[in-house]
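These notes concern the structure reproduced below.
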2 protein chains.
Amino acid sequence: MADQIERYIKRLLEQQEEGVVELRRNDLAKIFQCVPSQINYVLSTRFALEQGYLVESRRGGGGYIRIVKLQMEDDKELRKLIDKTSNNLISQQVGEGLIERLQEEGFLTRREAMLVKAIIRREALPLELPLRDMVRANILKAVLLTLTRDEFNQ
Amino acid sequence: MADQIERYIKRLLEQQEEGVVELRRNDLAKIFQCVPSQINYVLSTRFALEQGYLVESRRGGGGYIRIVKLQMEDDKELRKLIDKTSNNLISQQVGEGLIERLQEEGFLTRREAMLVKAIIRREALPLELPLRDMVRANILKAVLLTLTRDEFNQ
DNA sequence: GGTGAAAGGTCAAATAAAGTCAAAAAGTCA
DNA sequence: TGACTTTTTGACTTTATTTGACCTTTCACC
């Protein structure tokens, strides 16, 4: 069942240019005749960040679930960086180095680099030490993943 | 529905030079075939002061609703936001609202807004709850401070 | 000044989504 | 078979929107 739903969503994603698909949790549950929370299970096990997907949603009337496929294959270099960043600790120094490199390679503009650098500074992350480097790594990973979004590069 | 009404009003605001639009609650309700109080709902959730709008109205014969888009002229407004952000907790929702507003006001580009939004997402900040909102507030403060830097805008 | 119609305002209930979490069931494998 | 992992289910929670009954303000008119 979970596999079927996974395939279904992936098929939708392929059909859609853009790599974005938006759906109703309840509708999907009805199609597959399963409980709605089954959908959440599929999303969290098959469409997590690690697998190159981004899931956004909204509750209430007019609610939806949006699944975005990140284009990680396109760029081996980014892919490698993302892997290195995962489950890692990153110091401010190393982080700044990474950002500068991204800027030099044209992934980030001067302003974007400034913003991200400001965000990963010690002063902006009021946390004790192993934690701070962990959060910094996660922030940088979020940045790298964003770089692989089609919409980001338009 | 609420989204449609929101878009409609924003379109009117853009067409109008001045950033002011005046309308009749009942007329609008009739256009969208909804109850009049729906309009109030949209106004209070989408055109609040925090979102950069001022709503004035008058009852009785010849009554009206006037919506004014407030301009964030200069750093003054940013400073105010920095103050509000300090020593505060900010949820993902509120944070996204703030970023969208900064984008609308031209302080952030579309890409910059995407980056910051990605960074303040729950998934990018693997922390327990009071802490997560605290770190998010600090990150947003760092962003606001960066916006006031001359080098950033040069 | 009193009155009634014409606005708009408020608030709570009903409805419409989606999220969470843990127990039960099913599958896997030594 | 027994232990472990994955999947399925459903009760409960949270959030967002829609709707309607009732309230307040303003104005025109007598």
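Naming convention: chains lettered A, B, ... in sequence-line order (proteins, then strands); numbering from 1 in each chain. Below, all heavy atoms of this structure are taken into account, side chains as well, without hydrogens, waters or symmetry copies. None of these values were measured; they are calculated from a predicted model.
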Under 4.0 Å between a Lys/Arg side-chain N and an Asp/Glu carboxylate O for [X] and [Y]?
| X | Y | answer |
| --- | --- | --- |
| A:Asp83 | A:Lys80 | no |
| B:Lys84 | B:Glu50 | no |
| A:Glu77 | A:Arg101 | yes |
| B:Arg136 | B:Asp133 | yes |
| B:Glu96 | B:Arg121 | no |
| B:Glu105 | B:Lys69 | yes |

Look at the side chain of [X] and decide which nucleotide, out of [options], has an atom nearest to it.
| X | options | answer |
| --- | --- | --- |
| A:Gln38 | C:dG8, D:dT14, D:dT8 | D:dT8 |
| A:Cys34 | D:dT17, D:dT9, D:dT25 | D:dT9 |
| A:Arg58 | D:dT14, D:dT17, D:dT19 | D:dT17 |
| B:Arg59 | D:dT8, D:dT19, C:dA7 | C:dA7 |

Roughly how many Å is it from [atom1] in [X] to [atom2] in [N], rounded to a whole number?
| X | N | atom1 | atom2 | value |
| --- | --- | --- | --- | --- |
| A:Leu23 | C:dA18 | CG | P | 9 Å |
| B:Gln92 | D:dA16 | CD | P | 11 Å |
| A:Tyr64 | C:dA17 | OH | P | 14 Å |
| A:Asn40 | D:dT6 | CG | C1' | 16 Å |
| A:Arg25 | D:dT14 | CZ | C1' | 12 Å |
| B:Asp27 | C:dG8 | CG | C1' | 12 Å |
| A:Gln33 | D:dG10 | CD | P | 13 Å |
| A:Arg66 | C:dA18 | CZ | P | 13 Å |

Determine: side-chain N/O of B:Arg24 to OP1/OP2 of C:dA7, distance under 4.0 Å, yes or no.
-> yes

N/O (side chain, B:Asn26) to phosphate O (OP1/OP2, C:dA7) under 4.0 Å = no

When only distance counts, do a donor and an acceptor, one from the side chain of A:Ser37 and one from the base of D:dG10, lie under 3.5 Å apart?
-> yes

Those residues of residues 41-51 of chain B lying under 4.0 Å from DNA chain D by at least one heavy atom = B:Tyr41, B:Arg46

Tell me what B:Gly63 touches on the nucleic acid: a base, only sugar-phosphate, or nothing, going by heavy atoms under 4.0 Å.
-> sugar-phosphate

Hey, does A:Ile65 reach any base, or is it just sugar-phosphate, or nothing, if we go heavy atoms under 4.0 Å?
-> sugar-phosphate

Is C:dA12 paired to anything, Watson-Crick or G-U wobble with both distances less than 3.5 Å, and if yes, which nucleotide?
-> D:dT19

With the 4.5 Å side-chain cut-off for hydrophobic clustering, are B:Leu98 and B:Leu54 part of the same group?
-> no

In sequence, state the C-alpha distance, the side-chain angles, and the governing distance for A:Val116 and A:Leu102, and then conclude on side-chain contact (heavy atoms from CB on, under 4.5 Å).
-> CA-CA 11 Å; A:Val116 180; A:Leu102 289 173; over 6 Å; no

